[in-house]
Protein chains: 2
Amino acid sequence: MPNNQFKRGELYSFITGMASTALARRLQKNFKQAGIEITIEQWSVLYHLWKEDGLSQQDLCVRSFRDKPSITRLVDNLEKLKLVKRVPSKNDRRINLIYVTEAALHLQEETMNMANQTLNEALEGVSKEDIERCKEVLQQVYDNLNQGVR
Amino acid sequence: MPNNQFKRGELYSFITGMASTALARRLQKNFKQAGIEITIEQWSVLYHLWKEDGLSQQDLCVRSFRDKPSITRLVDNLEKLKLVKRVPSKNDRRINLIYVTEAALHLQEETMNMANQTLNEALEGVSKEDIERCKEVLQQVYDNLNQGVR
DNA sequence: TTGATTTAGTTGCATAACTAACTATATGCC
DNA sequence: GGCATATAGTTAGTTATGCAACTAAATCAA
């Protein structure tokens, strides 16, 4: 029997990710109250593009832990909102490079501040050390589940 | 400045709950490979009913951290699959009490074992102590975000 | 050069989530 | 009793996710 055997009845919140769900909901609410009409999922795509503009959809898949259809549709919706633009790559015509627009850049500062502030509220009373430890555990869980998968 | 100020670029995986998503996906795949044709969300409702049968939909909302429409539809789908039954309460006719069927009871042992095993695989290499610490952090995050909310 | 395989992205279908608005029953106050 | 309010659940509309099947372009091999 593995020494970290999980007792029944303890697994539910781990599987459902209730903390991250609550956090996403709160951030969504904060966006709305500030009159920012994008979803958290759309924001999370912009987040990666703000860090590095001109990523391919495939890059976005990897970085945002989503599958290809999800990214296709998030980019669709972001394009409708005129927050990003698809630009076909000249080297490889299969590839779309995604660039943020001026409008999206205007959102960056405010939404990043809101995200940081929301996260800090969520982590109120939790020590830096415990946060680090928790992040490591979650990363390990992710890695365990994806080893051997490509 | 709060002493647990989160640095930019570190928040993404926390918000998206990539670990819990990966875990849910893996468990779903394991169900499918075993020929069990229910979704993780449906399973999570059954999970609460196995612990305590005859809960109201409202009870299920609270315990599964979902809103009312979500539970309505999950119960709809579970009822179609003949895994639960809605029984109107005699004391209060607004209330539906949800009971698992024989068919659902047959799923309990196997799926709970699969869930525990999947979780143990996910937590391979993580110490009991770190798991505890991580659970406490996630609980604290949830509580922080829901204090003052009812 | 042609034909098989891989890669990037899209489309279709089912399930699930949130919000808002709705119905029906129960409760509380006058 | 009667009306306002609260509670349990449903319905409708939009967005997102997962899977499977698909198209188009690129690569690799004979």
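Just so we're on the same page: letters track the sequence lines, and every chain starts at 1.
For B/E110, the side-chain hydrogen bond (donor to acceptor under 3.5 Å, both in side chains) test picks out no residue, with sequence neighbours left out. Residues satisfying the side-chain contact (heavy atoms from CB on, under 4.5 Å) test with B/T39, not counting sequence neighbours, are B/Q28, B/E41, B/Q42. Qualifying side-chain contact (heavy atoms from CB on, under 4.5 Å) partners for A/P69, counting only residues two or more places apart in sequence or in other chains: A/D67, A/R73. Remark: B/D59 pairs with no residue by the salt bridge (Lys or Arg N to Asp or Glu O under 4.0 Å) rule, at least two apart or across chains. Applying the side-chain contact (heavy atoms from CB on, under 4.5 Å) rule to A/D53 yields the partners A/L49, A/Y99, A/V100; only residues at least two apart in sequence or on another chain are considered. Residues satisfying the salt bridge (Lys or Arg N to Asp or Glu O under 4.0 Å) test with B/R93, not counting sequence neighbours, are none. By the salt bridge (Lys or Arg N to Asp or Glu O under 4.0 Å) test, B/R133 is found to be paired with A/E129, A/D130, B/E129, residues two or more places apart in sequence or in another chain being considered.
Between the P atom of D/dC19 and the CD atom of B/E37 lies a distance of 13 Å, rounded to the nearest Å. Regarding B/Q58, its CD atom lies at a distance of 14 Å from the C1' atom of C/dT25, rounded to whole Å. Across the protein-nucleic acid pair, B/K68 atom NZ and D/dT7 atom P stand 10 Å apart, rounded to whole Å.
For the segment residues 85-100 of chain B, residues with any heavy atom less than 4.0 angstrom from an atom of DNA chain D are, sorted by number, B/R86, B/R94, B/I95, B/N96.
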Practice task
Summarise how protein sits on nucleotides 12-19 of chain C as a single string, 5' to 3': B when a protein heavy atom is under 4.0 Å from the base, S for sugar-phosphate-only contact, - for no contact.
Solution key: BB-SSSBB

